[in-house]
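As a basis for the values below, the full set of heavy atoms in this structure was taken, side chains included, without hydrogen atoms, waters or symmetry mates. Residue numbers run from 1 in the order of the sequence given. None of the values given here were measured: they were computed from a predicted structure.
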Amino acid sequence: MYLVPLSALPSIQPLETVNQEPGAALKQQEGKSSFANIMREAIDTLRQSQETAAADSYDLAMGDVASLHNMMINSAMEATAVETAVQLTSRAVSAYKEIMQMQI
């Protein structure tokens, strides 16, 4: 699982750079990660960890467990990935609701 550190998140650009050219801000951020990319990575990590945990559960049920500690680590990674995806989703929804309630 990959967690994005806060220092690696793109900062808010000054208004002057946005007003230079209609697509200039988007061109500058092509190399940087956007919220959509972060969300996509979180969902991919969640899928991978769920598949790994499901395979471990199947192996445990069949009595074919080579290392129990690896199975527990994979299970904890899945729980963390689920919590991350839920937090990202709920924060995105709350931000959207807050933006929609703003008066123009």
Side-chain angles (χ1 to χ4, degrees):
M1 183 174 103
Y2 176 73
L3 295 176
V4 178
L6 291 178
S7 61
L9 293 175
S11 62
I12 298 174
Q13 296 179 355
L15 191 58
E16 294 84 31
T17 60
V18 175
N19 290 334
Q20 288 176 357
E21 192 177 320
L26 293 175
K27 290 177 184 176
Q28 289 177 350
Q29 291 185 0
E30 285 179 2
K32 298 179 182 178
S33 56
S34 65
F35 180 78
N37 291 338
I38 293 170
M39 189 68 175
R40 191 175 301 118
E41 287 177 13
I43 297 298
D44 289 341
T45 303
L46 175 63
R47 284 189 191 131
Q48 290 172 355
S49 63
Q50 283 179 334
E51 290 172 2
T52 304
D56 287 343
S57 298
Y58 179 78
D59 288 343
L60 180 65
M62 299 305 276
D64 191 25
V65 177
S67 59
L68 190 59
H69 65 280
N70 281 338
M71 188 187 81
M72 293 303 294
I73 290 170
N74 290 337
S75 176
M77 287 176 62
E78 178 193 13
T80 305
V82 168
E83 289 177 25
T84 302
V86 168
Q87 285 294 322
L88 282 173
T89 304
S90 65
R91 289 181 187 208
V93 168
S94 68
Y96 176 77
K97 285 181 181 178
E98 189 173 323
I99 289 171
M100 294 316 267
Q101 291 177 354
M102 288 181 183
Q103 293 184 5
I104 299 175

When the side chains of residues 56-64 are checked against the rest of the protein, which donor-acceptor pairs come out under 3.5 Å, sequence neighbours left out?
unit_1: Asp56; atom_1: OD2; unit_2: Asn74; atom_2: ND2; d: 2.7
unit_1: Ser57; atom_1: OG; unit_2: Ala53; atom_2: O; d: 2.9

**Item:** Counterpart residues, side-chain contact (heavy atoms from CB on, under 4.5 Å), relative to Glu83 (two or more places apart)
**Value:** none

**Request:** Answer yes or no: is there a donor N or O on one side and an acceptor on the other, between the side chain of Ser75 and the main chain of Met71, under 3.5 Å?
**Result:** no

**Message:** Looking at every non-hydrogen atom in both residues, tell me the closest pair between Glu78 and Leu46 and how far apart they are.
**Reply:** O-CD1, 4.4 Å

**Complete:** Distance col, row Ile73:CD1 vs Leu68:CG, nearest 0.5 angstrom, shows 10.0 Å

**Asked** Which residue pairs satisfy the salt bridge (charged side-chain N to carboxylate O under 4.0 Å, His left out) criterion with at least one member in residues 44-54, sequence neighbours excluded?
**Response** Asp44-Arg47

Validation: residues 87-98 side-chain donor-acceptor distances under 3.5 Å, sequence neighbours left out:
unit_1: Gln87; atom_1: OE1; unit_2: Arg91; atom_2: NE; d: 3.4
unit_1: Thr89; atom_1: OG1; unit_2: Ala85; atom_2: O; d: 2.8
unit_1: Ser90; atom_1: OG; unit_2: Val86; atom_2: O; d: 3.1
unit_1: Ser90; atom_1: OG; unit_2: Gln87; atom_2: O; d: 3.1
unit_1: Ser94; atom_1: OG; unit_2: Ser90; atom_2: O; d: 3.3
unit_1: Ser94; atom_1: OG; unit_2: Arg91; atom_2: O; d: 3.0

